[in-house]
Amino acid sequence: MIRALPGTVGVSGLYLGALVVSLASMVAMDRRWRLFLWADSRRGAIVLLAGIVVFLSWDAAAIRLGFFERGHGQALVGVEIAPHLPLEELFFVTFLSYLTMVGHALVRRLLDRREAARPAGPEAEHGAHSEVLR
Amino acid sequence: MTYLGLDAVFVAVAAMVVLVGTVPRRSAPRAERTGVRGATARRSRANGRALTNRRWWLATAVTGAALMVLTAVFDTVMIRADLFRYDASALIGLRIGLTPVEDLAWPLVAAVLLPALWELLGRSPRPGTSGAAVRAGAEAPGDPETHARPEAPERAEVPARPDAPTRPLETP
């Protein structure tokens, strides 16, 4: 992703750009393998929204309590959606939630495949083996 | 309150959601077997079933561990780039790289809360899926129904049909 060593992060919007690219990658994986929103759009939207609300609340509480404050790195675009809450944070919590669900679905699918490849056991009742990452 | 105390609140919320999903569901197995439809209460009890599944927890642990590693790495990068700062007096002072250990509660909560919520919600009702959706409700997202949707007609191209050439082999 980004290599943010001192002196190399002078581009405004670098962080936002990295987040957008990362989020787009998650969407592409989701779409390709039907992992999250492409597996169940209604359910996925609720989970995604819940994640955004929970993590933004966490941010808001930490800012209100004085734990977090805005940095002054040049990679930020400098827009705040609330005091000390940069625009980028909205993209970050969205990405974190999306990454979590895509990752969980992928790992679970791989585990299901592995389970299905083994001799039939008590847990091998389902047709999850038809689920192949192509 | 410290940052760790605030973390505890959110970890507790995640734990409560998981607990809701793992409370004993007495009548759920029968509802699943008979494919009773419309019994919202019964269905919601069945929806959390995966939370008692060993593979669900393994997937959650793997996801959480991976997210924690990513958090430690990228938080360090982001802190070094001065994207955000912490009030040092609110931290216990233990850091991995530059990442305060308190930040690891974020990936922990993400990996537990969101997949648990996904299971608790259960599959969205869809035209054409009746008892099957209820029966398999807790086994998302890798189950066949997910792919039996109209948008995925290409999946139906290869499988043998009744009139396929394999048929004569089966007749005596």
Side-chain angles (χ1 to χ4, degrees), chain A residues 1-6 8-9 14-15 34-36 38-44 46-48 50-51 54-55 57-58 61-62 65-76 84 86 88-89 96-97 99-101 103-113 115 123 126-128 130-131, chain B residues 1-3 6-7 9-10 13-14 50 53-56 58-60 62-64 66-67 70-71 74 77-87 89-91 102 105-107 109-111 113-115 117-118 121-126 136 139-144 146-147 149 151-152 155:
Chain A
M1 230 159 93
I2 53 171
R3 193 157 280 135
L5 297 171
T8 65
V9 287
L14 182 61
Y15 179 34
R34 295 169 182 273
L35 298 166
F36 179 41
W38 269 266
D40 188 334
S41 55
R42 186 196 69 102
R43 179 152 68 143
I46 295 171
V47 170
L48 188 59
V54 165
F55 290 121
S57 308
W58 203 335
L65 292 164
F67 305 158
F68 294 174
E69 65 179 87
R70 184 173 64 100
H72 294 85
Q74 289 176 303
L76 291 165
H84 289 284
E88 284 90 340
E89 189 65 9
L96 175 62
S97 303
L99 170 67
T100 301
M101 293 308 294
H104 195 272
L106 266 181
V107 173
R108 190 142 178 232
R109 194 168 291 185
L110 292 173
L111 290 175
D112 284 347
R113 264 178 79 190
E115 188 76 23
E123 280 200 287
H126 272 283
S130 66
E131 206 55 58
Chain B
M1 189 192 249
T2 60
Y3 184 16
L6 180 62
D7 284 356
V9 173
F10 285 89
V13 169
N53 176 319
R54 194 177 52 82
R55 260 181 291 157
W56 186 90
L58 188 54
T60 301
V62 170
T63 306
L67 287 176
L70 290 173
T71 298
F74 285 100
V77 171
M78 288 148 80
I79 292 164
R80 193 175 292 167
D82 193 20
L83 301 184
F84 42 81
R85 299 171 181 180
Y86 302 86
D87 174 11
S89 70
L91 304 176
E102 288 94 331
W106 286 62
V109 168
L113 175 66
L114 299 183
L117 203 55
W118 171 271
L121 285 170
R123 177 161 306 107
S124 301
R126 189 170 293 131
E139 289 303 317
D143 46 12
T146 305
H147 292 261
R149 296 166 67 180
E151 306 94 281
R155 295 189 69 84

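So that the names make sense, note that chain A is the first sequence line, chain B the second, and so on, each numbered from 1.
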Could you tell me whether a side-chain N or O of Asp82(B) sits under 3.5 Å from a main-chain N or O of His72(A), the two making a donor and an acceptor?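 At least one qualifying donor-acceptor pair exists.
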Would you say Arg43(A)'s side chain and Trp118(B)'s backbone share a donor-acceptor pair under 3.5 angstrom?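 The answer is yes, because a donor-acceptor pair under 3.5 Å joins these two groups.
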Is it the backbone or the side chain of [X] that comes under 4.5 Å from a heavy atom of chain A, or both, or neither?
X: Thr2(B); answer: backbone
X: Tyr3(B); answer: both
X: Ala66(B); answer: neither
X: Leu114(B); answer: both
X: Leu91(B); answer: neither

Quick one: what part of Glu89(A) sits under 4.5 Å from any heavy atom of chain B, side chain, backbone, both or neither?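 Side chain of Glu89(A) only, per the 4.5 Å heavy-atom cut-off to chain B.
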Side chain / backbone / both / neither for Leu111(A) at chain B, heavy atoms under 4.5 Å: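 For Leu111(A), the contact with chain B is made by backbone and side chain together.
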Determine whether Met1(B) and Leu65(A) satisfy the following criterion, side-chain contact (heavy atoms from CB on, under 4.5 Å), listing intermediate values before the conclusion. CA-CA 8 Å; Met1(B) 189 192 249; Leu65(A) 292 164; 3.8 Å; yes
Parallel, tilted or perpendicular, as decided by the 30° and 60° cut-offs, for the rings of Tyr86(B) and Phe84(B):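 Perpendicular.
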Greatest number of heavy atom pairs closer than 4.5 Å to chain A - which of Leu117(B), Val13(B), Leu6(B), Val109(B):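 Between Leu117(B), Val13(B), Leu6(B), Val109(B), the count favours Leu6(B).
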Regarding Trp106(B) and Asp7(B), is there a side-chain donor-to-acceptor distance under 3.5 Å anywhere?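 Short answer, no.
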Roughly how far apart are Leu83(B) CG and Arg85(B) CZ, rounded to 0.5 Å?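 Between atom CG of Leu83(B) and atom CZ of Arg85(B) there are 10.5 Å.
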